[in-house]
**Student:** 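This structure is in structure tokens; I'll ask about it shortly.
Atoms considered below: every heavy atom in the structure, side chains included; atoms not considered: hydrogens, waters and symmetry mates. Both ligands and their constituent atoms are indexed starting at 1 by order of listing.
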Amino acid sequence: MHWPLLDSHCHLDAPEFDGDREQVMQAASEAGVMGIVVPAYAAPRWPALMALCAHAKQPVLWPALGLHPIYIAEHEEASLQALEAQLISSPELVAVGEIGLDRFLPELITPDMWHKQQRFFEAQLALAQAYNKPVIIHARRCHADIVRSLKRVKFSQGGVVHAFSGSVQEALAYVELGLSLGLGGPLTYPQSRKLREIATQIPLAHLLIETDAPDMVPWPQREQHSDGRPRETGERVRNSPAYLPAVFDAFCQLRPESPEVLARAFWQNTQRVFKLTQPTFPPLQLE
Ligand SMILES: [Zn+2]
């Protein structure tokens, strides 16, 4: 039995999927994943992302465009104007993303790069605000900076802090600003004590599930192949939107609500955050 699920964050356009994207989408569909939000990294790859989403039928793919902070060195000023042009010409865009700030990598926090990160983040927040789009935020080791930027531009369109990692207090600061939190594979790890607190202490209406594929492989798939054979040590494992049920199962084990209530809530939360009108939650249960 598969619950109908929406993956709120998956980089299905990534080169890792070039060889077998159709099969990955079919596997996701068979696992109950009926829709996927596909956020962008960098402007040169926007056209391919848009084309992929336009042609996909099952699952439904929703595009988001943005300039990811990890690639800050590559981003050009002109890409901000290009983003605005896309927001005007492409009503199918469901969000501005993936955008944000990252303090994890030393090359991203030289004074120049940090300044550029903040400038591009706030410029994209302002565009999302102007065109009534939610945002998909990447935040590593800089929740206070993100909150400051959100307040500085008076951002009010909502969105998601994806792959959230932080304290309950930090999570609640986002909730207060109208944002939701996306949790994925790391929640399934035995050592994820802090994330389990987030999953249980944050109101259900502010939680989304995601895979962030091809990264962030859930624990069961990291440990073994789909046929049960254990992985080799050091074996490189690619995450897939078809593994979203592992994240959903982790929530089912942690939260008091029934799986049906949870499935419905995650579906509706994703629809609300991204202002999606279709598809409606299907009649339970999928075989
Ligand atoms: Zn991502």
**Student:** Any Lys/Arg nitrogen of D145 or R152 sitting under 4.0 Å from an Asp/Glu carboxylate oxygen of the other?
**Tutor:** no
**Student:** Examine distances only and state if a side-chain atom of R103 and a backbone atom of L108 form a donor-acceptor pair shorter than 3.5 Å.
**Tutor:** no
**Student:** Any N/O/S of D215 under 2.8 Å from the Zn ion (ligand 1)?
**Tutor:** no
**Student:** Round to 10° and report the angle made at the Zn ion (ligand 1) by OE1 of E98 and OD1 of D212.
**Tutor:** 170°
**Student:** Examine all N, O or S atoms of H68, backbone included, and report whether one is under 2.8 Å from the Zn ion (ligand 1).
**Tutor:**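 For H68, the answer is no, given that no N, O or S atom comes within less than 2.8 Å of the Zn ion (ligand 1).
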**Student:** Of all the atoms in H11, is at least one N, O or S atom closer to the Zn ion (ligand 1) than 2.8 Å?
**Tutor:**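 It does; at least one qualifying atom falls short of 2.8 Å.
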**Student:** Given side chains that start at C-beta, do those of K194 and S165 come closer than 4.5 Å, heavy atoms only?
**Tutor:** no
**Student:** Which is the closest N/O/S atom of H9 when seen from the Zn ion (ligand 1)?
**Tutor:** NE2
**Student:** Check whether any side-chain N or O of H75 sits under 3.5 Å from a backbone N or O of F120 as a donor-acceptor pair, and report yes or no.
**Tutor:** no
**Student:** Regarding Q129 and S156, do their side chains bring together a donor and an acceptor under 3.5 Å, going by distance alone?
**Tutor:**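 Q129 vs S156: donor-acceptor pair found between side chains.
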